[in-house]
Structure formats: C-alpha cells, structure tokens
Amino acid sequence: DAGVTQSPTHLIKTRGQHVTLRCSPISGHKSVSWYQQVLGQGPQFIFQYYEKEERGRGNFPDRFSARQFPNYSSELNVNALLLGDSALYLCASSPLKRAEIIAKNIQYFGAGTRLSVL
Amino acid sequence: QKEVEQNSGPLSVPEGAIASLNCTYSDRGSQSFFWYRQYSGKSPELIMFIYSNGDKEDGRFTAQLNKASQYVSLLIRDSQPSDSATYLCAVNPSGSARQLTFGSGTQLTVLP
C-alpha cells in the first residue's frame, strides 16, 4: 500500500511569492495534518483536517492556509513568503475515527517538501 | 505553553549496548505518547506509541511511561549502527485538536 505522498519534494521560492504544497493520505485515512520542521527542531503543528473540516490550527500567521478535498487529499498554501518559512513541510495522515474518545492520534508522515525561500 | 523536553545529545553508545532516550512533558493531561525516528534528511518514522503507565516492548525497543512523573523513555537494546538517527518524542496534549507536540529530538550515534 502506498504511504503518505507529498509533492513537490523540493521547492525554491523568493520572498513575497506564494507556494502550494500537496499531500495524499494513506488509503482509508480521513485525517491529514501539516507540520513545519525547521532544521534542528522537532516538527511544529500547523493544521489538522478531518473529513474536509479544519479541526485544529497551530500558532501560525494567517499567511498559512489549507484545505482538504473530497478524496481526503490536502493542500497547504503559504502567501507572502518570508526567509523564515524555509523548512521541511510534513504531511501526516491518521486513521482517526469520529467516535474515538481517546485521541490516540497515530500519525504517519510523508517524505516532506523541502522549501527554500531566497 | 505545553512543552516536550528532550536532551539534544548527541548520545553515543557502542554497538550492542542499550541506548536510553528520555523525554519529559509539561501537560499532565496528555494521553498518548509517541517515539519517532528521523534519519538525516528524511521524514519522521513512527517506531513506538504508548498510552498506559508501564512498559511496552516491540522487538529491540521498549517504551516506558510514568504519568505521575510526566516522563516517557525509549530503550533500544542491542543497538546497531543503523539505529543512528534523531529520535523525536511526541505527545498528544489534553484539549488539543489531535495535534502532536514534539520535542527537539535526541541525536543518537551507535559506534561500530
């Protein structure tokens, strides 16, 4: 079975530009989360989507937005890029079920998109 | 802020030894705990998860959770050079929208 797939793998942009990153979850997974990982740090939560609805948002500016499509794939958009947005952007999918009371929240990561802002 | 703390290392152990990785968390209501392994330039790979106090073993890996002390650890027995990587501790904090909060990771080197 295919794992979480992300595209593109690498991206170079200049300050002020816009970028769109794409993610396809593991088949059967309805939840997708986005994380930003700066070199030397752990991933930092940006968004979570479940069944096409935003379920959570981390401490990121409004320049960051996302959406989830009917096939559960997702896009992360970043506007007005800053040098500090240079990072590895990770997508994770989870087999969460709506009825789950304890948030076991097992998340499986894709290979990531490495964004460089010049 | 709900934090997860790890020793950044680097931690070096000889091949065949036990590597011990530690993590503390600040949110007492956290319910689920994860260890990810990340090779340089790669994405995090889930290796263990634990929800209940005590030990959980999977092959050479043992996760230990002590909620009273807000402490979770990972033991790697019979360490191999291929275990050399950064190990990330992640916590699902209480009241979250199912996000994970990560520590900064511990870099482990297993010396042949």
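In what follows, chains carry the letters A, B, and so on, assigned in the order in which the sequence lines appear, proteins first and then strands, with residues in each chain numbered from 1. Note that this is a predicted model, so its numbers are computed, not measured.
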**Prompt:** Between A:Tyr35 (side chain) and B:Leu100 (backbone), is there a donor-acceptor pair under 3.5 Å?
**Reply:** yes
**Complete:** When every non-hydrogen atom of A:Gly42 is compared with those of B:Leu88, the smallest separation belongs to CA-CD2, 4.0 Å
**Non-hydrogen atoms of B:Lys42 and A:Leu88 that approach each other most closely** = O-CD2, 4.3 Å
Linking I/L/V/M/F/W/Y whenever their side-chain heavy atoms sit closer than 4.5 Å, directly or via other members, would [X] and [Y] fall into one cluster?
{"X": "A:Leu82", "Y": "A:Leu39", "answer": "no"}
{"X": "A:Phe47", "Y": "A:Phe109", "answer": "no"}
{"X": "A:Leu90", "Y": "A:Leu115", "answer": "no"}
{"X": "A:Val32", "Y": "A:Ile106", "answer": "no"}

Would you find more than 12 non-hydrogen atoms of other residues, nucleotides or ligands less than 6.0 Å from [X] atom [atom1]?
{"X": "B:Leu111", "atom1": "CG", "result": "yes"}
{"X": "A:Asn71", "atom1": "CG", "result": "yes"}
{"X": "A:Arg63", "atom1": "CZ", "result": "yes"}

**Request:** Give, for atom CD of A:Gln37 and atom CZ of B:Phe102, the distance between the pair rounded to the nearest 0.5 Å.
**Result:** 8.0 Å
**Asked** Which value, rounded to the nearest 0.5 Å, describes the distance between A:Gln44 atom CD and B:Gln99 atom CD?
**Response** 9.5 Å
**Asked** With a 4.5 Å limit on heavy-atom distance, are the side chains of A:Val4 and B:Ser43 in contact?
**Response** no
**Prompt:** Quick one: are B:Thr101 and A:Phe45 in side-chain contact, heavy atoms under 4.5 Å?
**Reply:** no
**Request:** Can you tell which part of B:Tyr36 gets under 4.5 Å to a heavy atom of chain A, answering side chain, backbone, both or neither?
**Result:** side chain
**Under 4.5 Å from a heavy atom of chain A, the part of B:Glu45 involved** = neither
**Request:** With a 4.5 angstrom heavy-atom cut-off, could you sort out which part of A:Gln6 is near chain B: side chain, backbone, both or neither?
**Result:** neither
